[in-house]
Amino acid sequence: MKTELPKGYDPTQVEQKWFDVWEQRGDFHADENSPKPHYSIVIPPPNVTGVLHMGHALNNTLQDILCRWKRMSGYEVLWMPGMDHAGIATQNVVEKQLATENKDRHDLGREAFVERVWKWREESGGQIINQLKRLGASCDWQRERFTMDEGLSTAVREVFVSLYEDGLIYRDNRLINWCPRCHTALSDLEVEHEDKHGNLWHLRYPVQGTDQYLIVATTRPETMLGDTAVAVHPEDERYQGLIGKNVLLPLMDREIPIIADEYVDMAFGSGAVKITPAHDFNDFEIGKRHDLEFINVLDESGMINENGGSYVGMERNAARTKVVADLESQGLLEKVDNYTNAVGECYRCKTVIEPYMSKQWYVAVKPLAAEAIKAVDSGQTRIVPQQWEKTYYEWMNNIQDWCVSRQIWWGHRIPAWFCDDCGEITVSREDVSRCQYCDSSNLRQETDVLDTWFSSALWPFSTMGWPEQTKTLQKFYPTSCLVTGFDILFFWVARMMMMGIKFMDDVPFKEVYIHALVRDSHGQKMSKSKGNVIDPLTIVDEYGADAFRYTLCAFAAMGRDIKLSTDRIGGYRNFVNKLWNASRFALMNLENFEPAEDGLAGLSLSQADQWILNRYAFAAVEVNNALTNYKFNDAASILYSFTWHEFCDWYIELSKDNLYGDDIVTRQSTQMVLFTVLEGLLRMLHPILPFVTEEIWHALPGERETASIMQADYPTAALIETDATVVADMELVMDVIRAIRNVRGELDVPPGKRIKVVLDCKSESVVQAIMTGQEYIHSLARVDNLVVGVAVERPKQVSTQVTGEVEVLIPLADLINVVEEGARLNKEIEKIQKDVTFFEKKLSNEKFVANAPPHVLEKDRGKLVAAEKKLEILQQSLEKILALK
RNA sequence: AGGCACGUAGCUCAGUGGGAGAGCACUUCCCUGACACGGAAGGGGUCGGCGGUUCAAUCCCGCCCGUGCCUACCA
């Protein structure tokens with residue numbers, strides 16, 4: 001597939017073309033029968049309702065980089081893709097649709113509603129999959145899974161029943177987090193706490209049998225309708241006489257006791273707390289301790305129920321207003337303070353959650369967590385960066401039982417049947433029609449479904465066919481790595497650890513790489529409901545997927561926040577274009593070139609050739625190191641500077657004379673090096689820049705051994721041994737070129753002007769190095785007359801620059817301004833003088849000389865000597881220049 | 001309230017116990033036959049503040065200030 005490269009790189013067509021080829025050819029498919037060592041990653045399944053955001057883009061780009069790198073490094077790579085069914089979110093989407101038809105789910109009934117959700121899923125769900133493909137994600141798309149698929153549902157049921165049989169799943173009636181809008185229970189994690197400005201109302205409760213009032217403070221006055229006690233601290237002297245007495249609850253005219261409990265903070269407010277056991281988590285505990293009445297005053301929608309006296313039927317906020325107004329009119333409102341406190345909200349719809357009494361299913365997670373802690377502690381699973389281990393332990397050690405039942409319809413229905421005759425519960429892998437206990441057929445299946453995260457927790461093995469013992473599981477479980485953001489460390493990672501260990505008897509992943517979160521400019525987490533999402537696809541459209549990927553890769557190391565700047569993306573688009581044009585240059589100079597069978601062996605390699613091959617080896621080693629340690633940004637910067645600053649800025653320029661010259665042997669060896677380095681460079685870059693590298697790679701001369709660059713070997717080492725002396729000589733010549741350019745630039749020598757340069761060298765070996773590279777100096781420094789030697793005759797009027805062992809002398813002649821040269825020298829002298837002073841001071845410190853390690857001392861002494869020499873030369877030059885005036 | 005981070009060039013951010021880095025932006029010059037999404041040469045930072053450890057601190061420790069996130073039952 002040879003192609004002529006157009007002048008500018010246009011990503012759009014190239015990206016679409018190659019992705020189609022890759023996917024249709026099955027290049028991403030993982031073979032469970034492969035003899036190669038395995039490398040596996042399961043994708044953090046995006047919501048079926050999801051639209052690609054920056055977080056997905058980062059997360060999946062990093063996974064793709066790892067997968068492509070490992071694939072090229074000889075591994076059989078499985079990147080398992082899929083989505084979760086996002087119970088509440090998806091149900092909300094479809095309910096909104098229904099609302100536009102003036103219907104709700106109850107009008108349809110459960111079965112029809114679920115059907116409707118499936119229909120939505122087929123028609124509009126899962127857009128994100130195609131969006132991931134636009135990024136170049138090399139998932140094994142043939143294996144795409146969905147948490148509501150039959151296989152995964154079987155896994156969910158197997159796990160639920162097993163946990164139940166092991167006594168790790170139970171039912172209990174307690175306070176849970178209730179979303180009055182979604183009409184379902186939520187786990188603790190699904191409640192987001194946000195500080196909100198509100199009020200602290202101070203209420204006066206009349207004490208029975210006295211004319212005293214007890215002042216209680218509350219942020220939720222409407223809950224007073226359900227108060228069943230007032231609590232004070234047992235040691236609070238102010239209230240000693242009141243404990244045991246009653247207050248008359250205003251508005252309800254209910255007598256409730258004054259109790260003593262150590263939970264009460266004497267210093268806060270009046271030191272007296274109203275107790276509403278059915279509507280507050282603390283009060284719930286106190287209620288149990290003191291055997292109080294639990295009066296629920298709300299219904300499922302957050303409306304006051306029949307227990308709320310005259311407030312029945314009022315919405316909770318309206319009730320609050322009315323309660324406060326009524327208390328005030330009765331003189332029972334002491335005062336109102338401004339107050340800020342954390343209010344819990346539903347993570348799906350942001351409705352203020354309600355602590356609500358209800359019977360729910362729980363997983364007793366403590367025993368599971370203990371194992372999951374051990375697995376990280378023992379190193380079976382490594383969390384990178386390690387700092388996150390602490391967060392993981394912190395949560396795991398304080399873990400609370402997990403409420404897994406949800407009062408919605410879209411999800412895995414809990415496989416439990418209640419018997420109307422004997423009251424027992426039958427939990428079963430198969431649907432049942434008769435009670436296990438009394439054989440009655442009067443059964444009703446539990447209507448609740450499971451938390452979506454319950455099925456997500458099984459993802460690493462359910463996607464591979466569990467509970468069947470599949471070859472895929474044998475080959476690819478445990479997975480090698482999990483790549484995710486820290487925001488779902490608890491939601492997902494911790495739970496996968498627990499379930500993996502419990503059901504697979506092995507950790508779900510060997511390593512967890514936790515990356516930063518992409519936030520908006522205010523540091524806010526991007527989310528659909530906040531409306532602050534920037535669409536990554538518009539970035540892809542504008543800059544190309546490769547440039548976008550490179551940016552994300554370069555950004556990946558940031559602590560916790562990533563704020564994307566389009567300037568930066570533009571910079572990497574330029575980088576891609578640079579690579580493209582360097583490749584065009586190569587192709588133009590590789591006409592009629594056929595790569596030699598034995599590669600670089602036997603070629604007479606120039607200074608420049610050896611130098612670039614040396615730098616190539618360095619880059620190859622370093623980029624592998626970086627990726628091994630998840631240092632994505634290091635990988636990006638190593639490859640950036642090798643490509644641009646070494647290959648393009650230097651090697652291509654150094655090679656031009658040889659490529660344009662008449663010496664056929666030199667030309668051919670230069671071509672071979674140019675070709676070989678570029679070809680290897682493309683392979684090095686491919687994991688980050690899959691599209692452009694594939695395109696160029698196929699345009700190179702010669703035959704490729706594999707159908708795609710993604711199947712070629714990833715470079716790991718030197719292509720051929722290079723001579724360290726020759727490489728150092730090249731660096732020396734480059735320094736000389738830089739020195740000449742510096743003088744030219746500083747003294748405004750016209751760029752086109754060819755000049756005379758005298759190089760006074762300290763030794764014959766330096767002369768030799770320079771003589772070998774003299775053509776480079778002629779060409780890159782625009783020199784037409786070069787004199788090199790040890791103690792050469794020095795022209796009278798010169799500009800002087802010093803680099804290492806070489807004095808660079810440029811005759812002033814007619815081209816250099818004496819005044820400017822004086823200024824330039826003064827600037828240079830000032831710099832060097834600082835160095836000299838610095839090292840003199842350092843080395844005259846006796847303690848430093850006595851304590852510093854010898855190699856440091858040696859190095860600094862050398863630096864001082866070099867700086868002193870350079871200073872001397874520059875000062876002499878300055879004197880001469882001044883004498884000319 | 002506790003925990004975890006962060007504070008480095010104008011901007012966005014890397015980085016290390018031994019004389020401070022990148023990209024973009026900026027200044028000067030150049031449309032030299034791959035590339036102006038380019039080339040060459042420059043300018044720019046007492047690495048948040050104060051102490052401590054060390055021969056040596058931007059890096060380690062403590063405190064402070066500022067910012068962000070996570071966890072938490074102060075009504």
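Atom set for the values below is all heavy atoms of this structure, side chains included, hydrogens, waters and symmetry mates excluded. Here is the naming used below: chain letters follow the sequence lines, and residue numbers restart at 1 for every chain.
Across all strands, A/His645 comes closer than 4.0 Å only to sugar-phosphate atoms, never to a base (heavy-atom distances). Nucleic acid contact for A/Thr218: sugar-phosphate only, since backbone atoms but no base atoms lie under 4.0 Å from a heavy atom of the residue. Contacts of A/Asp283 with the nucleic acid, taken as non-hydrogen atoms under 4.0 Å apart, are absent. Nucleic acid contact class of A/Phe268 (heavy atoms, under 4.0 Å, all strands): base. Residue A/Arg573 is in base contact, counting any heavy-atom pair closer than 4.0 Å across all strands shown. At the heavy-atom level, A/Tyr263 lies under 4.0 Å from base atoms of the strands shown. Here A/Ala850 lies out of heavy-atom contact (under 4.0 Å) with every strand. Among the heavy atoms of the strands lying under 4.0 Å from A/Ile652 is at least one base atom, whether or not backbone atoms are also near.
Taking a cutoff of 4.0 Å between a charged side-chain nitrogen and a carboxylate oxygen, A/Glu746 and A/Arg741 do not qualify as a salt bridge. Using a cutoff of 4.0 Å between basic side-chain nitrogens and carboxylate oxygens, A/Glu821 and A/Arg824 are scored as salt-bridged. Between A/Lys863 and A/Asp835 there is no salt bridge, since none of the side-chain N atoms of the basic residue sits less than 4.0 Å from a carboxylate O of the acidic one. Remark: A/Glu194 does not engage A/Lys196 in a salt bridge, criterion side-chain N to carboxylate O under 4.0 Å.
With ring centers used as reference points, A/Phe575 lies under 6.0 Å from A/Tyr640. For A/Tyr550 and A/Phe632, the ring centers are positioned 6.0 Å apart or more.
B/rC6 and B/rU16 have their P atoms separated by 12 Å, given to the nearest Å. Remark: the separation of the P atoms in B/rC74 and B/rA5 is 24 Å, to the nearest Å. If you take atom C1' in B/rG15 and the same atom in B/rG23, they sit 15 Å apart, rounded to whole Å. B/rU8 and B/rA57 are spaced 14 Å apart, taking the C1' atom of each and rounding to whole Å. Using C1' as the reference atom, B/rC55 and B/rC65 are 32 Å apart when rounded to the nearest Å. Taking atom C1' on both B/rC11 and B/rG19, the two are 27 Å apart, rounded to the nearest angstrom. One C1' atom belongs to B/rU54, the other to B/rG17, and the distance between them is 9 Å to the nearest Å. Rounded to whole Å, the separation between the P atoms of B/rC64 and B/rG18 comes to 28 Å.
Looking at the side chain of A/Asn742, the nearest of the listed nucleotides B/rA75, B/rU12, B/rG42 is B/rG42. Closest to the A/Phe490 side chain, of the nucleotides B/rC35, B/rG23, B/rU71, is B/rU71. Comparing atom distances between the A/Leu189 side chain and each of B/rU32, B/rU71, B/rA34 picks out B/rU71 as nearest. Minimum atom distance to the side chain of A/Asn581 is reached by B/rC35, of the listed B/rG23, B/rA41, B/rC35. Side-chain proximity of A/Arg584 to the nucleotides B/rA40, B/rA34, B/rC55 is greatest for B/rA34. Checked against B/rA72, B/rG19, B/rG39, the side chain of A/Asp649 finds its nearest nucleotide in B/rG39. Of all nucleotides listed (B/rA41, B/rA34, B/rA5), B/rA34 comes nearest to the side chain of A/Phe585. Among the nucleotides B/rA34, B/rG19, B/rU12, the one closest to any side-chain atom of A/Glu653 is B/rA34. Minimum atom distance to the side chain of A/Asp835 is reached by B/rG19, of the listed B/rC55, B/rC29, B/rG19.
The nearest heavy atom of RNA chain B to A/Val836 and to A/Asn633 marks one nucleotide each, and the one closer to the 5' end goes with A/Asn633. Mapped onto RNA chain B by nearest heavy atom, A/Val264 and A/His193 fall at different nucleotides, with A/His193 at the one closer to the 5' end.
Between A/His233 and B/rA75 there is no side-chain polar atom (N or O) within less than 4.0 angstrom of OP1 or OP2. Between A/Tyr339 and the phosphate of B/rA75, there is a side-chain N or O to OP1/OP2 separation shorter than 4.0 Å. For B/rA34, one of the phosphate oxygens OP1 or OP2 lies less than 4.0 angstrom from a side-chain nitrogen or oxygen of A/Tyr660. A sub-4.0 Å separation between OP1 or OP2 of B/rG38 and a side-chain N or O of A/Asn577 is absent. Neither OP1 nor OP2 of B/rA34 sits under 4.0 Å from any side-chain N or O of A/Trp644. When the side-chain nitrogen and oxygen atoms of A/Lys578 are compared with OP1 and OP2 of B/rG39, one or more of them lie within a distance under 4.0 Å.
Shown here, B/rA20 forms no base pair; nothing in the strands shown gives a Watson-Crick or G-U wobble contact with both key distances under 3.5 Å. Nucleotide B/rA40 has B/rU28 as its partner under the Watson-Crick or G-U criteria, with both atom distances under 3.5 Å. In this structure, B/rA34 makes no Watson-Crick or G-U wobble pair, since no nucleotide meets both defining distances under 3.5 angstrom. Across all strands shown, the partner of B/rC4 is B/rG68, judged by Watson-Crick or G-U wobble contacts whose two distances both fall under 3.5 Å. Figure legend. B/rG51 is base-paired to B/rC61; pairs are counted as Watson-Crick or G-U wobble with both atom distances under 3.5 Å.
Remark: C1' of B/rG17 and NZ of A/Lys859 are 12 Å apart, rounded to the nearest angstrom. Rounded to whole angstrom, the span from the CG atom of A/Asp748 across to the P atom of B/rA40 amounts to 18 Å. Between A/Asn341 atom CG and B/rA1 atom C1' there is a gap of 14 Å when expressed in whole angstrom units. The distance between atom NZ of A/Lys288 and atom C1' of B/rC73, rounded to the nearest whole Å, is 14 Å. Distance A/Asn574 CG to B/rG23 P: 12 Å, rounded to the nearest Å. Regarding A/Met224, its CE atom lies at a distance of 19 Å from the P atom of B/rA75, rounded to whole Å. Atom pair A/Leu747:CG and B/rC29:P shows a separation of 15 Å (rounding to whole Å applied). Between the OH atom of A/Tyr630 and the C1' atom of B/rA14 there is a distance of 21 Å, rounded to whole Å.
With hydrogens and angles ignored, no donor-acceptor pair under 3.5 angstrom links the side chain of A/Lys842 to the base of B/rG18. Side-chain atoms of A/Glu394 and base atoms of B/rA72 include no donor and acceptor less than 3.5 Å apart. In terms of polar N and O atoms assigned as donor or acceptor, the side chain of A/Lys390 never comes within less than 3.5 Å of the base of B/rC4 in a complementary pairing.
In this structure, OG1 in A/Thr484 is found 6.0 Å from CH2 in A/Trp492, a value given to the nearest 0.5 Å.
When every heavy atom of A/Ala635 is checked against every heavy atom of A/Ala626, the shortest pair comes out as N-CB, 3.6 Å.
Using bins of under 30°, 30° to 60° and over 60° for the plane-to-plane angle, the ring pair A/Tyr339/A/Phe268 lands in the perpendicular bin.
Annotation: cation-pi pair A/Arg174/A/Phe284 absent, no NZ/CZ under 6.0 Å from the ring centroid and within 45° of its normal.
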